[in-house]
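Let me begin by presenting the structure, written as structure tokens, before commenting on it.
Sequence positions, counted from 1, serve as the residue numbers for this chain.
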Amino acid sequence: LIGWERQSLPLGCGHFGWSVFGGVADERVQVTHNAVMTRSTIANALEIRLRTGHAKPLGYSRWLDVDDAVAGVSYECDGVRYAREFLTSYPDRTGVIRLTASKPGALAFGLSAAIPFQSPFGGEKANGRRGTVTASNGVIAVTQEFEAYGTKFGAVLQVVSDGRVSSSDDGSLAVKGATEATVFFSCDTDYKLCPGAFVKDRKRPERADVDPLRSASDLVRAAVRKGYDGVRAAHLADYRSLAGRVTVDLGASRDDAERTTPELLARYGKGERSAYLEETYFRFGRYLLISSSRPGTLPANLQGVWSAYEKAPWGAGYWFNINVQMNYWPAFTTALDECFRPLVDYIEAFRPLARSYAQGYLMGRGLRKTPFAKDECRGIWSVGIACRPHSYSGTPGAHSGPGMGGLTTKLFKDWWDFTRDRGDLESHVAPALRGMTDFLSQCVVETNGFFLSKFSASPEQMTEGAWRRDGHFYHTVGCAFDQQMIDENNRDFIEVWRALGREDDAVSSRVKGQLGRYDPVRIGWSGQIKEYREEGYYCTFGEWWHRHISNLVGLMPGSLITPETPAWLDAARVTLDLRGDKSTGWALAHRICCWARLGDGNHARKLLVELLTNRTHPNLWDVHPPFQIDGNFGATAGIAEMLIQSHGGCIDLLPALPRDWRREGSFRGLCARGGFVVDCAWKDGVPVRVSVVSKCGLDPDVRFRGNPVRDVVVSKLTQAP
């Protein structure tokens, strides 16, 4: 696992992930499929082995090109140059390995597939796993069944070569006398993302009417007909259409482009800062999102779509107290709004079940006395902490309060703000916000003139100041996390309701009577934003250096705390200083975003340095520890926030440009709320060339340090509504 986490190269098409190790004598390609995840186990879906028997290689090279989403290995052995290229194609739902030799007939290898972590059915935890691997006519076929939820999995590998291909009874293939060979791979499951997928107590969920092995076979046959060149061309066209939308130039030294990533990280850790490494980290974050979250797939989880664990940390689930939301923070600013669709689909699949969960929460907490009437609160929903492909944690509790719902719907509001797609507003954004507003506006009780969340918990904070065996999660009324996210959600709902021209109904009327009375920010005796209303000096309750900064969600990803609220902004700075700069990977990413929102680019980059120096593996995966992908995504969003912000009602250029990036640089294609796409070049920290594409026909308000930017080139694609 250490080698996988630190060294493997990730490829993915959303449907499945590949981790490529780059071995010489024994190449390993580890396959993950998120649909086989259970509550306690996300099993490595399949292990592909490619054995050459080569020894003592010369001129070895291994690489991952994040501009093309292609990985490769090359080396020389016994006077022959061997090369392997790997890619996973979203259009064809296929993985491809291309092998070549510089000498005719010199290529020979064995190909096998193994099912990891097999165990008998009927065990105490009902986590059995069984399957078969067979080979014939140049094809390896894999079938698997998982005891938990009854998931079925199928995979196919087919070799096309100019050499001789033979099959063995052990389920492997052998290639001899070849100059080139291509391995085509695909896999599928009978998982169906729908309300019937979410079940309790290991009942059988609703299944797709599909034979996974036949589906995988069909996909591979189609790819073989298309050929390696055709699959590769379709992959590049698809991937580049997303990755190529944005470029960021931070004034990097081109010499660094010739150095390996581990070398750059090592030099960086010794104080030799590299803008090229920082640019690469930004590109890598976008690469990971494109590779792990595409329309028609499950969303990216705590490890994206990559996991070699038998028992993944925290169940590799969708954690709604910040982690899954952070996965999608870079989606809109960095022009990857399509990648948000899987989370929309996932949430909408469990939302029909949420009405009963929301009612149970409200009645169980004494917030409601009578059950819902037949047509009352039909779209209401709530969300709990940890969800998975077959399980929906539907209510707040334990260590996180109802603010998790507002933290989730903030993504929906941003989706609308950045794209201005009225179809999505009508079909997805407004229903999500209205249903969550219905829930959150009933979670509060009027107390001393304010509407406060009656059950409230700041995510994962415990009593006694630290995680202790005798400690417990601190429950209260009206903590900052819940009040800020309830305020954000309910204001956002009223805004989109007006955008649709809707008349007042029961939900909008109720929440209008509450707006302005959520009291989301209170300043304590240390000058801090209180995490709890009953707090006096900083950290009267909880852990001083806690990784979560839940009392600052109104700063990021929210928009309550801005230069328009200077006292709150100053208190946010005090809070961040007191919380400290040492934390886990994803928590550093949140801090980067917050310092960027404060306009302090030097401090934001200081934390980026900390992240790259102490919380980043040689393959650039984020270290919680262990590997947790939200740190990659959150830091990517943070870099974008240093270059452009738009939550304050205008396009704010270079709001947190660090000192070391000031000399000269540029970005192209970053997005702003209002449906704007922005290009900007700067010199000595000042914009010198700015252009804006207005996708919705609106007029942009472009500012730098609060002043309007002149000479902006504006192109309008449509007329303003």
Whether [X] side chain and [Y] backbone form a donor-acceptor pair below 3.5 Å:
| X | Y | value |
| --- | --- | --- |
| Asn301 | Ala316 | yes |
| Arg273 | Tyr268 | yes |
| Arg286 | Thr334 | yes |
| Trp329 | Met556 | no |
| Gln645 | Ala596 | yes |
| His390 | Ala197 | yes |
| Ser186 | Arg93 | yes |
| Ser694 | Leu698 | yes |
| Asn619 | Glu5 | yes |
| Asp630 | Trp586 | no |

When the ring planes of [X] and [Y] are compared, do they come out parallel, tilted or perpendicular, using 30° and 60° as the limits?
| X | Y | value |
| --- | --- | --- |
| Trp18 | Phe86 | perpendicular |
| Phe340 | Tyr328 | perpendicular |
| His33 | Phe153 | perpendicular |
| Tyr239 | His235 | parallel |

Assess whether a salt bridge exists between [X] and [Y], defined as any Lys/Arg side-chain N lying under 4.0 Å from an Asp/Glu carboxylate O.
| X | Y | answer |
| --- | --- | --- |
| Lys152 | Asp211 | no |
| Glu27 | Arg51 | no |
| Arg605 | Glu278 | yes |
| Arg98 | Glu180 | yes |
| Glu279 | Arg254 | yes |
| Arg259 | Asp256 | yes |

Rounded at 0.5 Å granularity, tell me how far [atom1] in [X] sits from [atom2] in [Y].
| X | Y | atom1 | atom2 | value |
| --- | --- | --- | --- | --- |
| Arg388 | Tyr346 | CZ | OH | 8.5 Å |
| Lys695 | Arg420 | NZ | CZ | 11.5 Å |
| Leu620 | Leu265 | CG | CG | 5.5 Å |
| Phe418 | Leu336 | CZ | CG | 12.0 Å |
| Gln325 | Leu411 | CD | CG | 6.0 Å |
| Tyr60 | Tyr82 | OH | OH | 15.5 Å |

Test item: [X] and [Y] side chains (from C-beta on) under 4.5 Å apart, heavy atoms:
| X | Y | answer |
| --- | --- | --- |
| Thr88 | Thr94 | no |
| Leu643 | Leu657 | yes |
| Trp306 | Leu288 | yes |
| Val324 | Leu343 | yes |
| Tyr281 | Thr616 | yes |
| Arg294 | Leu242 | yes |
| Thr182 | Ile97 | no |
| Leu298 | Tyr191 | yes |

Grab the two heavy atoms, one from [X] and one from [Y], that are nearest each other, plus how far apart they are.
| X | Y | value |
| --- | --- | --- |
| Ile592 | Ala635 | CD1-CB, 4.4 Å |
| Ser253 | Tyr276 | O-CB, 4.2 Å |
| Cys339 | Ile290 | SG-CA, 4.0 Å |
| Phe627 | Gln303 | O-NE2, 2.9 Å |
| Ser292 | Phe633 | OG-CZ, 4.0 Å |
| Pro625 | Trp314 | O-CH2, 3.9 Å |

Quick one: salt bridge (charged side-chain N to carboxylate O under 4.0 Å, His left out) partners of Lys226, sequence neighbours excluded?
-> Asp92

Applying salt bridge (charged side-chain N to carboxylate O under 4.0 Å, His left out), name anything that partners Arg221, two or more places apart in sequence or on another chain.
-> Asp218

Could you tell me whether [X] and [Y] have their ring centroids closer than 6.0 angstrom?
| X | Y | result |
| --- | --- | --- |
| His428 | Trp415 | yes |
| Tyr228 | Phe184 | no |
| Trp4 | Trp621 | yes |

Stepwise, does the side-chain contact (heavy atoms from CB on, under 4.5 Å) test hold for Val142 with Gln144?
-> CA-CA 7 Å; Val142 181; Gln144 295 186 55; 4.2 Å; yes

Sorted by chain and number, sequence neighbours left out, side-chain contact (heavy atoms from CB on, under 4.5 Å) with Pro57 holds for Val24, Tyr75

Acceptor/donor pairs from residues 62-73 side chains to any protein atom, 3.5 angstrom cut, sequence neighbours excluded:
{"unit_1": "Arg62", "atom_1": "NH1", "unit_2": "Gln7", "atom_2": "O", "d": "2.7"}
{"unit_1": "Arg62", "atom_1": "NH1", "unit_2": "Phe21", "atom_2": "O", "d": "3.2"}
{"unit_1": "Arg62", "atom_1": "NH2", "unit_2": "Gln7", "atom_2": "O", "d": "3.0"}
{"unit_1": "Asp65", "atom_1": "OD1", "unit_2": "Asp67", "atom_2": "N", "d": "2.9"}
{"unit_1": "Asp65", "atom_1": "OD1", "unit_2": "Asp68", "atom_2": "N", "d": "3.4"}
{"unit_1": "Asp67", "atom_1": "OD1", "unit_2": "Arg283", "atom_2": "NE", "d": "3.3"}
{"unit_1": "Asp67", "atom_1": "OD1", "unit_2": "Arg283", "atom_2": "NH2", "d": "3.4"}
{"unit_1": "Asp67", "atom_1": "OD2", "unit_2": "Arg283", "atom_2": "NH2", "d": "3.0"}
{"unit_1": "Asp68", "atom_1": "OD1", "unit_2": "Arg240", "atom_2": "NE", "d": "2.8"}
{"unit_1": "Asp68", "atom_1": "OD1", "unit_2": "Arg240", "atom_2": "NH2", "d": "3.1"}
{"unit_1": "Asp68", "atom_1": "OD2", "unit_2": "Arg240", "atom_2": "NH2", "d": "3.2"}

Table please: side-chain donor-acceptor pairs of residues 667-678 below 3.5 Å, with sequence neighbours left out.
{"unit_1": "Arg668", "atom_1": "NH1", "unit_2": "Gly244", "atom_2": "O", "d": "3.4"}
{"unit_1": "Arg668", "atom_1": "NH1", "unit_2": "Arg245", "atom_2": "O", "d": "3.3"}
{"unit_1": "Arg668", "atom_1": "NH2", "unit_2": "Gly244", "atom_2": "O", "d": "2.8"}
{"unit_1": "Arg673", "atom_1": "NH1", "unit_2": "Ser646", "atom_2": "OG", "d": "3.0"}
{"unit_1": "Arg673", "atom_1": "NH2", "unit_2": "Asp414", "atom_2": "OD1", "d": "3.3"}

Yes or no on side-chain contact (heavy atoms from CB on, under 4.5 Å) for Val139 and Leu157, after CA distance, side-chain angles and deciding distance?
-> CA-CA 6 Å; Val139 175; Leu157 296 100; over 6 Å; no

Between Gln30 and Asn44, do the side chains contain an N or O donor and an N or O acceptor separated by less than 3.5 Å?
-> yes

For Thr409, enumerate each residue passing the side-chain hydrogen bond (donor to acceptor under 3.5 Å, both in side chains) test, keeping only those at least two apart in sequence or located in another chain.
-> Asn489

